[in-house]
*Asks:* 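Got a structure for you, written out below as structure tokens; questions coming shortly.
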Amino acid sequence: MDSEPKIDGIPGLSSDLRRRAEEIEQGRTHSSDDTERACAADFLRLVINNIPDFVFWKDRNSVYQGCNKAFAEAAGVGTPENIVGKTDYDFSWKKEESDYFVSVDRRVMESDQAEYHIIEPQLQAGGRQRWLETCKIPLHDEQGKVIGILGTYMDITERKETLEALRLKNLVFDESLAANSIANLQGNLTELNDRFLRFWGYSSKSEVLRKPIPVFFNDSGEAAAILKVLDETGQWEGDFIAKKKDGSTFIGHGMATTVRDENNQVIGYQSSVMDITERKHFHAELLKTQKLTSVGLLAGGLAHDFNNILMGFFGNLSLAKKELPPGSPALTPLENAEKAMSRAIRLTKQLLTFSKGGDPIMEDISLGEYVEEVARFDLTGSNVKLVCHSADDLWMARADKGQIQQVISNLTTNARQAMPNGGHLYITLENVEIRDNSIPHLHHANYLKITIRDEGAGIDSENIDRIFEPYFTTKKSGSGLGLATAYSIIKKHGGHIGVISEPGKGTTFTLFLPASPTQPVPQQKPVVNALTPFKRAQNLLVLDDEEFIRIVVPLWLKHMDCTVVTCETGRQAVDLYKQAKESGSPFDLLILDLTIPGGMGGQDVLREILAFDPAAKAIVSSGYAEGPIMADHASYGFKGVLAKPYTEPQLRELVARILA
């Protein structure tokens, strides 16, 4: 007996169970065999029922022959006696679970090999899904034949849920779209994810771990300020400038908190950072657009009336000059007045580019020689030397020639003013294919890239983000509309304009303009001499609500052997056209004002006339091009376009070309 294991050595037994075991052991020497077997069975039952794990045993057919209390309660049968004779299919777990349990039983019995650490699900009584770690061993009779299995399992649901939560937490940390990191109290990184490496341009964690937090900031003072806030409040959120491994920067939006242990003591910091550089650029572009829109609302409201007034000034000035004899002293002040009016027209056109009516009138144009011609003209009289280079195979651009002239002229003027003591202005034109997102807001397509670089004083960093704002200028004189105009024009063309500058080293503007999708061979427009009389007299009808325009236009055209009839309403224009057509003296050309307050405008008039006479020819004219009509006049049946204020030569040239 001395060699047998003591009951006290069995761990986990309660004092009552140990006392009962001692009683059985003390009575063993004077008990009968039956009594001894009964006591042993009683003791075994006590042991099994007090095991905290779940215990069961089955026969060769996987029919339950017994279990402990823990298993009986989990199976929902109440007491161990109620388990006898049941199979896995008699309980609450799913059929596929029961199938799996029986298949493992069969595998263990057929192989006569125990299986350990079997992880399996089980839908227990009460409907809760649990996870089990099971062990199954074969049972043998006295001859060593397998007669069943003995199984035990532990409920590892909480452990599995904890591990799963930890796995998900690690997954969130590692696979997050944000750059996640953890630092110790000394401010050195101890953990980070791959996104952090990508944002900051590192190739491996070993390059980053143990580095101090300020290394990853463009301004170490900013990093120190954030850590101070964290220590004081336990959390921080905001934007900052991050510095990459190669020295470049990006704008980050970060959130950080302190990390605490089980005693609520701060042991480190955790942070999450998103790269918001593109978002910031988008918001900056949106702000510019909103400012330009506000200017556009003002410009759009004034443009129509103002341009009609300018037409009156130009018309009367030109007529007054015609009445003076050559060499008259009055010619000089009149010509000076015309020059001043030309400046007013340029200012009005700049304002119009901000409005919805400033849509470009698109055509396929060759920019190489044209850009050089505009820049050279604007540098006339200055000591700035132009160096221009254009690719031999330069694509055609889809653009408004007049508006592009404004852009090049404004940028050239800026460069000339930035180099009062002389210098070089370099302009290059080349083809580029945009197939990625390297240029903000540009579609994947073909573009013409125009680079304009001067050797001037440059632009200070505090001003460079504002140079495209309307009315912003650092000059003592100037409207502050030149660069804002350029920005608005390029934007409406579906292009992009950017600037790089460094004080003392000059400024570079880069423009991207959409290339023509068809790339036609440029054709020269036929040269028309507006002073050459027509083969026969031409009848014109002019619709305009402004009286002085109805006076000036006939006087401008009288030397072209034209008879001009005017009217001030759309209904009059339609009636006059029909009467002339029916009388056998039809109008050869109509000049129709697009906007007639309170009545039919030029578009409606032409629509009704074309229904009556599909061969009718018309020019659309407006001081404020609303919608797409001025930008794409041909699609609406017009043969040409006159943007007010126009001059006598412009009118005569267009009329001659259409009627030639």
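In what follows, residues are counted from 1 in the order of the sequence shown.
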*Asks:* Could you check whether Trp200 and Phe250 have their ring centres less than 6.0 Å apart?
*Replies:* yes

*Asks:* Quick one: are Ile365 and Asp400 in side-chain contact, heavy atoms under 4.5 Å?
*Replies:* no

*Asks:* Is there a side-chain contact between Phe71 and Asp53, using heavy atoms and a 4.5 Å cut-off?
*Replies:* no

*Asks:* Is there side-chain contact between Asp364 and Arg398, with heavy atoms separated by less than 4.5 Å?
*Replies:*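 Of all side-chain heavy-atom pairs linking Arg398 with Asp364, at least one is under 4.5 Å.
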
*Asks:* Going by side-chain hydrogen bond (donor to acceptor under 3.5 Å, both in side chains), name the residues that satisfy it together with Glu372, two or more places apart in sequence or in a different chain.
*Replies:* Arg376

*Asks:* Would Gln406 and Thr485 count as a side chain to side chain donor-acceptor pair (under 3.5 Å) here? Give the steps.
*Replies:* CA-CA 8 Å; Gln406 287 187 63; Thr485 300; 5.3 Å; no

*Asks:* Heavy atoms, side chains only, cut-off 4.5 Å: are Phe199 and Asn193 in contact?
*Replies:* no

*Asks:* Under 6.0 Å between ring centres: does that hold for Phe196 and Tyr202?
*Replies:* no

*Asks:* Any side-chain to backbone donor/acceptor pair from Ser488 onto Ala484? Under 3.5 Å, distance only.
*Replies:* no

*Asks:* Enumerate, atom names and distances included, each donor-acceptor pair closer than 3.5 Å involving a side-chain atom of residues 211-224, sequence neighbours excluded.
*Replies:*
| from | atom 1 | to | atom 2 | distance (Å) |
| --- | --- | --- | --- | --- |
| Asp219 | OD1 | Gly221 | N | 2.9 |

*Asks:* If only atom types and distance count, is the side chain of Asn49 paired as donor or acceptor with the main-chain N or O of Lys69 below 3.5 Å?
*Replies:* yes

*Asks:* Is the closest side-chain heavy-atom distance between Leu192 and Lys205 below 4.5 Å?
*Replies:*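 Yes; the side chains approach each other to less than 4.5 Å.
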
*Asks:* With rounding to the nearest 0.5 Å, note down the distance linking OG in Ser272 to NE2 in His253.
*Replies:* 9.0 Å

*Asks:* Is Arg210 close to Asn184 at the side-chain level, that is, under 4.5 Å between some pair of heavy atoms?
*Replies:* yes

*Asks:* Checking Glu232 now: which residues fulfil salt bridge (charged side-chain N to carboxylate O under 4.0 Å, His left out) with it, not counting sequence neighbours?
*Replies:* Lys228

*Asks:* Say whether, by atom type as modelled, one donor and one acceptor occur between the side chain of Tyr370 and the main chain of Ile404 under 3.5 angstrom.
*Replies:* no

*Asks:* Find the distance between CD1 (Ile452) and CD1 (Ile497) and round it off to the nearest 0.5 Å.
*Replies:* 7.5 Å

*Asks:* So, Thr277 side chain and Ile251 main chain: donor-acceptor pair closer than 3.5 Å or not?
*Replies:* yes

*Asks:* Kindly compute the distance separating CD1 (Ile490) from NE2 (His496), expressed to the nearest 0.5 Å.
*Replies:*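 The NE2 atom of His496 is 10.5 Å from CD1 of Ile490, to the nearest 0.5 Å.
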
*Asks:* Does Val229 offer a backbone N or O that forms a donor-acceptor pair with the side chain of Thr233 under 3.5 Å?
*Replies:*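 Here the side-chain-to-backbone pair exists.
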
*Asks:* Looking at Lys136 and Phe101, would you say the former's side chain and the latter's main chain have a donor-acceptor pair under 3.5 Å?
*Replies:* yes

*Asks:* Return the minimal non-hydrogen interatomic distance between Gly252 and Val273, and the atom names on each side.
*Replies:*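 Shortest heavy-atom contact: CA-CG1, 4.2 Å.
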
*Asks:* For the side chain of Gln417 and the backbone of Asn414, is there at least one donor-acceptor N/O pair under 3.5 Å apart?
*Replies:* no

*Asks:* With sequence neighbours excluded, tell me which residues meet side-chain hydrogen bond (donor to acceptor under 3.5 Å, both in side chains) with His424.
*Replies:* Glu455

*Asks:* Check whether Asn446 reaches the backbone of Ala515 with its side chain - one donor and one acceptor, N or O, closer than 3.5 Å.
*Replies:*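 No, the answer is negative, given that no donor and acceptor are paired below the 3.5 Å cut-off.
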
*Asks:* Between Ile156 and Ile119, is a side chain to side chain contact (heavy atoms under 4.5 Å, CB included) present by the stated rule, with each step listed?
*Replies:* CA-CA 9 Å; Ile156 60 168; Ile119 307 301; 3.7 Å; yes

*Asks:* From Leu367 CG over to Ile450 CD1, what is the distance, rounded to the nearest 0.5 angstrom?
*Replies:*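 If I round to the nearest 0.5 Å, the distance is 5.5 Å.
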
*Asks:* Please tabulate, for the side chains in residues 507-514, all donor-acceptor contacts under 3.5 angstrom to protein atoms that are two or more places apart in sequence or on a different chain.
*Replies:*
| from | atom 1 | to | atom 2 | distance (Å) |
| --- | --- | --- | --- | --- |
| Thr507 | OG1 | Ser501 | OG | 2.8 |

*Asks:* Which value, rounded to the nearest 0.5 Å, describes the distance between Met419 atom CE and Asp454 atom CG?
*Replies:*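 It comes to 5.0 Å.
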
*Asks:* Would you sort out whether Gln270 and Thr257 count as a side chain to side chain donor-acceptor pair (under 3.5 Å), showing the intermediate values?
*Replies:* CA-CA 6 Å; Gln270 62 180 5; Thr257 60; 3.1 Å; yes

*Asks:* Taking Arg416 for the side chain and Asp378 for the main chain, is one N or O donor matched with an acceptor at less than 3.5 Å?
*Replies:*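 Checking the backbone N and O of Asp378 against the side chain of Arg416, a donor-acceptor pair under 3.5 Å is found.
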
*Asks:* Can you tell me which residue pairs pass the salt bridge (Lys or Arg N to Asp or Glu O under 4.0 Å) test with a partner in residues 434-446, sequence neighbours excluded?
*Replies:* Glu433-Arg435

*Asks:* Hey, what do you get for CE (Met274) to CG (Asp239), rounding to the nearest 0.5 Å?
*Replies:*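 Spacing of CE (Met274) from CG (Asp239) equals 12.0 Å.
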
*Asks:* Are any non-hydrogen side-chain atoms of Lys95 and Asp99 less than 4.5 angstrom apart?
*Replies:*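 Yes, their side chains come closer than 4.5 Å.
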
*Asks:* Measuring only between side-chain heavy atoms, which start at C-beta, is Lys94 closer than 4.5 Å to Tyr100?
*Replies:*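 Answer no - side chains too far apart.
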
